[in-house]
Trainee: 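Take this structure first; my questions come after.
These numbers come from the heavy atoms of this one structure, side chains and all, not from hydrogens, waters or symmetry mates. What you see is a predicted model; the values in this text were computed from it and never measured.
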Amino acid sequence: MGKITVLRAGPLTTVQDLGRARQQREGVSVGGALDLFAARVANLLVGNPEGAALLEITLGGVRLRFDEDRVVAWCGGAFAVRSTEIDIPAGRRAVVRQGEEVEFGQSERGARAWLAVAGGLDFPLVLGSRATDLRAGFGGHEGRALQDGDELSLGQSTAQPANLPRVANWSAPTEWSQPAARTPVLRVVRGSAWDEFVPEAQKSFRETPFQVSAQADRMGARLEGAKLERTNAWEMPSEAVTPGTIQVAHDGSPVILLGDCQTIGGYPKLAHVITVDLPQAAQLRPNDKVRFREVGLAEATALFLARENDLRLFRVGLQLRSG
């Protein structure tokens, strides 16, 4: 089996996959790649199952060495990615030769990238997933972020690098492979506590920009801006939350929950980011500006189904290219 040696791990690089969606009732976070769609696309590009383990890279500064020829692809923010001999654009399949290094520069826009390698990263399943749960300390590589010198085992690849060009002359759609926007507008549906906020707060949420605070990580991003006031101040019982839920803290600050969020929370649920816009939420970093636009549940559902249908057609296209 092949392996990757981590020469420079960067600020936060972890092994992820599609997470543990069926474990929330046991108190286990969903986790997984913060942009599940980007992870699925990157894996499809290299011929992996969509749920294969891959690397989530935060803010860049990562360098990896491959000990054998492998097909790779990545999706995410605006990173400059280069192997020893070639540039590797987002959303394009590329071949990395034995002994070459792949380097992710600092992100120019967006926070994260997902690097898939043909064969996937070979780590044990924990509760049905290879994803790293940083808070619980399990999954991935010893339940922690990668460090310089770590060696990552690779699974058996079905791709044939010798039969492929160094870089494909076609790519996944740009909105899939590089979803980070300079000033994202996240579409939301109303949450269960929407009517508990005063009209001025509802108006501010829909019409004014917010800035991502320094309190932003894989669990979520606290926003600064207009303080969102409730009609009352009584304590609420804890309720189930999920990635994309927007809660409002005691000081009136909205908080967008991400993949490593807790399974229940006591803050009121103002709104929920719709599924197709979670990739943009995953790219938020401190000082970024973000706005919100309300849509109905029917529109959110239609957008999700349309994207899934587009992905189905993309899979068919990939199969025809491989056939």
Trainee: Verify, without hydrogens or angle tests, whether Arg166 (side chain) and Val95 (backbone) share a donor-acceptor contact under 3.5 angstrom.
Mentor: yes
Trainee: Can you see which heavy atom on Gln178 is nearest to which on Phe79, and at what distance?
Mentor: NE2-N, 4.3 Å
Trainee: Looking at CZ of Arg93 and OG of Ser171, how far apart are the two atoms once the value is rounded to the nearest 0.5 Å?
Mentor: 12.0 Å
Trainee: Are Phe210 and Ile246 connected, step by step, through hydrophobic side chains (Ile, Leu, Val, Met, Phe, Trp, Tyr) whose heavy atoms are closer than 4.5 Å?
Mentor: yes
Trainee: So, does Arg187 use its side chain to make a donor-acceptor pair with the main chain of Asp277 at under 3.5 Å?
Mentor: no
Trainee: Looking at Arg144, Arg65, Lys3, which one forms a salt bridge (Lys or Arg N to Asp or Glu O under 4.0 Å) with Asp150?
Mentor: Arg144
Trainee: Taking a hydrophobic cluster as the set of Ile, Leu, Val, Met, Phe, Trp and Tyr residues connected by side-chain heavy atoms closer than 4.5 Å, whether directly or through intermediates, do Val72 and Ile4 fall within one such cluster?
Mentor: yes
Trainee: Does Arg63 reach the main-chain N or O of Arg8 with its side chain, forming a donor-acceptor pair under 3.5 Å?
Mentor: no
Trainee: Do the side chains of Val273 and Trp194 join up, straight or via other hydrophobic residues, at under 4.5 Å, putting them in one cluster?
Mentor: yes
Trainee: Report yes or no: does Glu100 contribute a side-chain atom to a donor-acceptor pair with the main-chain N or O of Phe66 at less than 3.5 Å?
Mentor: no
Trainee: Determine, stepwise, if the pair Ser177 / Val41 fulfils side-chain contact (heavy atoms from CB on, under 4.5 Å).
Mentor: CA-CA 8 Å; Ser177 62; Val41 171; 5.7 Å; no
Trainee: Thr158 and Gln160: which non-hydrogen atoms are nearest, and at how many Å?
Mentor: O-NE2, 3.5 Å
Trainee: Should we count NZ of Lys227 as having more than 12 external heavy atoms under 6.0 Å?
Mentor: yes
Trainee: Answer yes or no: is there a donor N or O on one side and an acceptor on the other, between the side chain of Ser213 and the main chain of Gln215, under 3.5 Å?
Mentor: yes
Trainee: Look up atom CG in Leu284 and atom CG in Leu258, then write down how far apart they are to the nearest 0.5 Å.
Mentor: 7.5 Å
Trainee: Under a single-linkage definition using a 4.5 Å side-chain heavy-atom cutoff for Ile, Leu, Val, Met, Phe, Trp and Tyr, are Leu318 and Leu311 assigned to the same hydrophobic cluster?
Mentor: yes
Trainee: Does Ala249 offer a backbone N or O that forms a donor-acceptor pair with the side chain of Ser253 under 3.5 Å?
Mentor: no
Trainee: Under the 3.5 angstrom rule, does the side chain of Thr84 hit a backbone N or O of Glu101 as a donor-acceptor pair?
Mentor: yes
Trainee: To the nearest 0.5 Å, what is the distance between CG on Leu152 and CG on Leu64?
Mentor: 7.5 Å
Trainee: Apply the test side-chain contact (heavy atoms from CB on, under 4.5 Å) to residues Phe292 and Leu186: give CA-CA distance (whole Å), side-chain angles for both, the deciding distance (0.1 Å), then the verdict.
Mentor: CA-CA 5 Å; Phe292 299 98; Leu186 302 181; 4.0 Å; yes
Trainee: Quick check against the 3.5 Å criterion: does Thr183 have a side-chain atom that pairs as donor or acceptor with the backbone of Lys289?
Mentor: no
Trainee: How about CD on Glu108, more than 12 heavy atoms from neighbouring residues, nucleotides or ligands closer than 6.0 Å, or not?
Mentor: no
Trainee: Could you check whether any side-chain N or O of Glu56 sits under 3.5 Å from a backbone N or O of Leu34, counting only pairs where one atom can act as donor and the other as acceptor?
Mentor: yes
Trainee: Does CD belonging to Glu229 count more than 12 external heavy atoms closer than 6.0 Å?
Mentor: no
Trainee: Linking Ile, Leu, Val, Met, Phe, Trp and Tyr by side-chain heavy atoms under 4.5 Å, what else ends up with Leu7?
Mentor: none
Trainee: I'd like to know if the side chain of Asn43 pairs up with that of Arg40 as donor and acceptor (distance under 3.5 Å, no hydrogens or angles considered).
Mentor: no
Trainee: Minimum heavy-atom separation for Gly120 and Ala52, please, with both atom names.
Mentor: CA-CB, 4.4 Å
Trainee: Hey, what do you get for CG (Leu54) to OG1 (Thr14), rounding to the nearest 0.5 Å?
Mentor: 9.0 Å
Trainee: Tell me the closest heavy-atom pair linking Ala136 and Phe138, and the distance in Å.
Mentor: CB-CE2, 3.2 Å
Trainee: Output yes when Arg222 and Asp251 qualify as a salt bridge under the 4.0 Å nitrogen-oxygen rule, no when they do not.
Mentor: yes
Trainee: Which atom pair, heavy atoms only, marks the closest approach of Ala181 to Gln280?
Mentor: CB-OE1, 3.5 Å
Trainee: Please evaluate residues Phe205 and Phe197 with respect to the criterion side-chain contact (heavy atoms from CB on, under 4.5 Å), reporting the C-alpha separation (whole Å), side-chain torsions for both, the decisive distance (0.1 Å), and the verdict.
Mentor: CA-CA 10 Å; Phe205 177 71; Phe197 288 84; over 6 Å; no
Trainee: Roughly how far, to the nearest 0.5 Å, is the CD atom of Glu207 from the CD atom of Gln202?
Mentor: 11.0 Å
Trainee: Within the supplied structure, the quantity of interest is the number of heavy atoms (other residues, nucleotides, ligands) at a distance under 6.0 Å from Arg109 CZ; does it exceed 12?
Mentor: yes
Trainee: Give me the atom names and distance for the closest heavy-atom approach of Gly110 to Arg285.
Mentor: O-NH1, 3.3 Å
Trainee: Any salt bridge linking Arg97 with Glu85? Criterion: basic side-chain nitrogen under 4.0 Å from a carboxylate oxygen.
Mentor: no
Trainee: In Å and rounded to the nearest 0.5 Å, what is the CG to OG1 distance from Leu228 to Thr208?
Mentor: 7.5 Å
Trainee: Answer yes or no: is there a donor N or O on one side and an acceptor on the other, between the side chain of Asp17 and the main chain of Ser129, under 3.5 Å?
Mentor: no
Trainee: Please tell me whether Leu146 and Leu121 are part of a single hydrophobic cluster in this structure, the criterion being side-chain heavy atoms less than 4.5 Å apart.
Mentor: yes
Trainee: So Leu127 and Asp133, side-chain contact (heavy atoms from CB on, under 4.5 Å) or not? Walk me through it.
Mentor: CA-CA 11 Å; Leu127 297 177; Asp133 189 317; over 6 Å; no
